[in-house]
Amino acid sequence: MIAGSGGSGGGAGASRAMDVQQIFERLGQLCGGALLDAAPGDGEWPRLNVVPTRVAEVARVLRDDPALGFDCLANLTGVDLKSEDSIEVCYHLFSYRHRHQLMLAARASRGDPLLPTFTDLWPAADWLERECFDLLGVRFIGHPDLRRLLMPEDWVGHPLRKDFIEPEEYHGISTRRESLLKL
Amino acid sequence: MSLINTVPETVLTTKIDDLLNWTRKSSVWYMLFGLACCAIEMMQTGGPRSDLDRFGAVPRATPRVSDLIIVSGTLTLKMALRTKLLYEQMPDPKYAISMGSCSNCGGLFQLAYSVCDGVDKVIPVDVYVPGCPPRPEALTEGLLKLQDRIQQERWLVRKGDAAQAVA
């Protein structure tokens, strides 16, 4: 990521990459208290942990604020943190206008994971959220069509959960096959 | 020597079964049905360089008039039931070629939660073509093997009836 040059010059729509510290401070001004940590993460996709109930608000600010300008949802995925009894959903955001990027992370309860949908902000979220629902069971409130994406419609369970046990068979199709090395 | 004026007088002797099978094996129409990367090779096989058409095999866009289904690619559980439905929509006699490692046994993805470990768990398979993916030559060989099988079939003879006829 290219660090932005200092100063506050340039118009609102000017292309200007911000470094993660500047993004962090800007977010602190626009939606105070929504960020969980005192400092942002580092790396290629610096992490910002967000209060789950305010993730939609933060996302809207990230997209609509001219200086932030995150116009692209590059990826949306989830992690089952079984030992912490939560599921973390990660949003990779990128700005074509400013050429900076970050990762939002929000945690939901593992028992009943609920998070707001991003489909109204970035239409790309549609299938990504369906996949996340399919494989991890996260329900995205407000999603227009939250059906399974990869697994069959009548599948039971969410395969990327750490405690998922693969059924013996599906509609008479055995899911077990003798190892070919033993033949 | 020209065949003109000689062929009309020529007599060929053969068995009815052989004649019928020869006609059937020379028009194996396969369904336009591709699942994954193997489907790209299947398209190549049907294309001008390999040209399955020279063996009488042409693609058909509906199972209702297809003789052969080439399962080309990774079969997910979600697709498995649909593949079975397509196979059941084909009229008898019908044949299935399992093309590539994924279709044969799940291949590279056989431990994945979403993958059906082999199409033979869903439909009966006549010819397995190994490879990942098989080259067009391999699929052509698979079709020739299938034609050999078709040529061996005995539709007009049944075991019980034949015994009766001899007796």
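- For the residue pair Asp126(A) / Thr119(A), no side-chain donor-acceptor distance below 3.5 Å is found, with atom types taken as modelled.
- Taking the six-membered ring for Trp and the full ring otherwise, Phe70(A) and His100(A) have centroids separated by under 6.0 Å.
- When each of Val122(B), Leu77(B), Leu111(B) is checked for heavy-atom pairs under 4.5 Å with chain A, Leu77(B) comes out on top.
- Nearest approach of Arg47(A) to Ala105(A), heavy atoms of both residues: NH1-CB, 3.5 Å.
- Contact of Ser114(B) with chain A is made through backbone and side chain together, with heavy-atom distances under 4.5 Å.
- Leu93(A) and Trp127(A) fall within the same hydrophobic cluster, where Ile, Leu, Val, Met, Phe, Trp and Tyr residues are linked whenever their side-chain heavy atoms come under 4.5 Å apart, directly or through other members.
- For Asp120(B), the part lying near chain A is the side chain, with the backbone staying farther off; criterion is any non-hydrogen pair under 4.5 Å.
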